[in-house]
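Before any comments, here is the structure.
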Amino acid sequence: MPELPEVEVVRRGLARGVVGRTVDAVEATGARSIRRHADADEFGGAVVGRTVRRVDRRGKYLLLRLDDDSVLVAHLRMSGQLILTADATRPRARHTHVVLTFTDGGQLRFVDPRTFGELFVSATRSRDGAVVELASLGPEPLDRATTPAVLAARLTPRRTRLKSALLDQRTIAGIGNIYGDEIAFRAGLRHDHRTDSLTPAEVARLHAAMVEVLDAAVRCGGSSLADGQYVDVDGRAGTYQHEHAVFARAGEPCLRCGRTIERVRFAGRSTHFCPGCQH
DNA sequence: CGCATATCCTGACTGC
DNA sequence: TGCAGTCAGGATATGC
């Protein structure tokens with residue numbers, strides 16, 4: 001479900017909601033959600049008593065930096081949600097697998113029907129705050145340091161297709177199926193455009209499209225699709241789905257040229273594009 | 001190396 | 001209304 005924009009919106013909610021708060025108790029009833037840990041006690045032992053210092057994001061991962069320099073890492077995968085509630089007595093949603101209760105009585109709940117998501121504590125204390133488990137992630141799309149030249153250096157040496165490269169988190173971190181399609185459309189490039197044939201002008205368009213699409217999506221609070229899975233920490237849906245040019249618009253006219261948006265299976269994922277605007 | 005496929009799960013939706 | 005089949009925002013392992 002969530003890609004960079006959705007994860008960034010959740011990060012902002014957590015930054016407002018949990019920084020400075022101290023974990024009083026942890027209930028980890030879903031073993032799969034903490035699968036990198038031996039058991040619930042071991043996971044709880046790493047979190048209880050800790051105060052959240054700040055919340056960062058790396059690609060689609062959330063990093064809750066704790067006061068012992070460890071990091072509580074969260075990935076929502078397809079169906080995960082992190083929900084804040086001030087009232088611990090409020091009924092828990094079905095598939096609530098991990099609950100952190102703060103000393104003030106509020107809670108952070110991890111809800112995840114498909115159980116693909118996970119929470120783990122990384123003991124990493126590297127100087128720059130990097131999490132060793134996430135070392136293979138590519139650069140951040142919205143970092144100023146991620147210039148068109150950086151993007152070109154990561155794309156053009158590879159002999160693959162544009163969408164495969166965009167979905168590969170080692171190329172660039174945070175882009176998933178929705179934004180891969182939207183970025184390719186805005187750049188005027190087909191999903192199956194070969195990365196090794198991208199010209200500097202095409203990479204420049206791709207870079208601009210990437211920044212514009214992701215920025216706009218963050219400003220809209222992310223994309224919430226028909227199943228209503230994605231919501232922020234307060235349970236609110238995003239609105240960027242109304243701005244989608246191609247994703248989930250198969251059979252509808254392209255808003256730019258009027259041709260019919262197509263949907264194909266590519267790289268194992270549903271892929272949407274305009275046959276008139278993308279080459 | 002690149003690519004397709006299967007896998008981990010539950011739930012929503014489609015068509016009979 | 002019930003039920004089988006299909007599909008889903010991600011990441012990873014495997015085999016060609």
Side-chain angles (χ1 to χ4, degrees), chain A residues 1-11 29-36 57-62 73-82 93-98 110-120 131 133-138 141 154-184 191-198 213-214 217-218 220-232 237-244 246-251 263-272:
Chain A
M1 164 205 6
E3 306 179 29
L4 185 153
E6 292 76 29
V7 178
E8 174 60 19
V9 172
V10 171
R11 185 199 71 75
T29 47
R32 247 179 77 76
S33 301
I34 53 160
R35 53 188 172 271
R36 298 200 198 202
R57 179 189 54 73
R58 183 74 179 91
K60 301 172 194 169
Y61 291 84
L62 288 158
V73 181
H75 197 304
L76 306 175
R77 294 283 188 111
M78 298 284 264
S79 62
Q81 300 175 342
L82 281 169
R94 191 165 153 76
H95 305 298
T96 297
H97 302 306
V98 181
F110 181 65
V111 182
D112 186 15
R114 293 177 74 180
T115 71
F116 293 168
E118 62 168 330
L119 302 181
F120 68 91
V131 173
E133 289 89 341
L134 309 183
S136 65
L137 289 179
R154 302 195 69 84
L155 286 172
T156 57
R158 301 186 50 184
R159 303 170 65 83
T160 183
R161 311 286 173 160
L162 178 62
K163 185 164 177 182
S164 303
L166 291 178
L167 290 179
D168 185 342
Q169 302 301 298
R170 293 167 299 188
T171 311
I172 185 105
I175 296 170
N177 207 36
I178 295 176
Y179 297 103
D181 283 1
E182 291 298 316
I183 289 166
H191 54 92
D192 54 358
H193 196 103
R194 289 186 60 123
T195 51
D196 55 350
S197 73
L198 287 166
V213 166
L214 296 177
V218 171
C220 287
S223 299
S224 294
L225 301 187
D227 60 12
Q229 283 275 24
Y230 168 68
V231 290
D232 68 12
T239 61
Y240 192 71
Q241 65 277 12
H242 303 304
E243 312 300 320
H244 290 176
V246 288
F247 194 87
R249 293 199 64 241
R263 174 181 154 147
V264 296
R265 195 100 191 144
F266 182 82
R269 318 294 298 277
S270 66
T271 296
H272 316 71

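Convention: sequence-line order gives letters A, B, ...; per-chain numbering from 1. All heavy atoms count here, side chains included; hydrogens, waters and symmetry mates do not. Not measured: the values here are computed from a predicted model.
- In this structure the side chain of A/Glu6 reaches within 4.5 angstrom of the side chain of A/Tyr179, judged on heavy atoms.
- Tested against A/Asn177, the residues A/Glu3, A/His272, A/Glu182, A/Lys163 include a single side-chain hydrogen bond (donor to acceptor under 3.5 Å, both in side chains) partner, A/Lys163.
- Scanning for salt bridge (Lys or Arg N to Asp or Glu O under 4.0 Å) contacts around A/Arg194 gives A/Asp196, with sequence neighbours left out.
- Contacts of A/Arg94 with the nucleic acid, taken as non-hydrogen atoms under 4.0 Å apart, involve only primed sugar atoms and P, OP1 or OP2.
- For A/Pro113, whose side chain is taken as the heavy atoms from C-beta onward, the closest listed nucleotide among B/dG2, B/dT10, C/dG10 is B/dT10.
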Counting Watson-Crick and G-U wobble pairs with both distances under 3.5 Å, what is the dot-bracket string for DNA chain B, 5' to 3', using [ ] for crossing pairs and | for pairs to another strand? .|||||||.|||||||
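- The listed nucleotides are B/dG2, C/dA8, B/dC8; the one nearest the side chain of A/Met78 is C/dA8.
- Residue contacts for A/Arg35: at a heavy-atom cut-off of 4.0 Å it reaches no nucleic acid atom on any strand shown.
- Closest to the side chain of A/His95, out of C/dA11, B/dG11, C/dG10, is B/dG11.
- The side chain of A/Thr115 has B/dC9 as its nearest neighbour among C/dA8, B/dC9, B/dG2.
- Stacking is found between A/Phe116 and the pyrimidine-like six-membered ring of the B/dC8 base under the 5.5 Å centre-distance and 30° plane-angle cut-offs.
- Remark: A/Ser79 is not in phosphate contact with B/dG11, judged by side-chain N or O atoms under 4.0 Å from OP1 or OP2.
- A heavy-atom distance below 4.5 Å is not found between the side chains of A/Ile172 and A/Arg154.
- Contact check, A/Gln169 against C/dA11: a side-chain N or O comes under 4.0 Å of OP1 or OP2.
- Taking the six-membered ring where tryptophan is involved, the planes of A/Phe247 and A/His244 are perpendicular, since the angle between them exceeds 60° and thus also 30°.
- Between A/Leu76 and A/Asp112, the closest side-chain pair of non-hydrogen atoms is not below 4.5 Å.
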What do the steps show when you test A/Glu133 against A/Val73 for side chain to side chain contact (heavy atoms under 4.5 Å, CB included), and what is the final call? CA-CA 10 Å; A/Glu133 289 89 341; A/Val73 181; 6.0 Å; no
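- Remark: the separation of the P atoms in B/dC9 and C/dC3 is 25 Å, to the nearest Å.
- For A/Arg114, counting side-chain heavy atoms from C-beta on, the closest listed nucleotide (B/dC8, C/dA8, B/dG2) is C/dA8.
- Contact between the side-chain N/O atoms of A/Arg263 and the OP1/OP2 oxygens of C/dA8 is found at a separation under 4.0 Å.
- Distances shown here put every side-chain N or O of A/Arg170 at or beyond 4.0 Å from the OP1 or OP2 atom of B/dC1.
- Which of B/dG2, B/dC3, C/dG10 sits closest to the side chain of A/Arg161 comes down to B/dC3.
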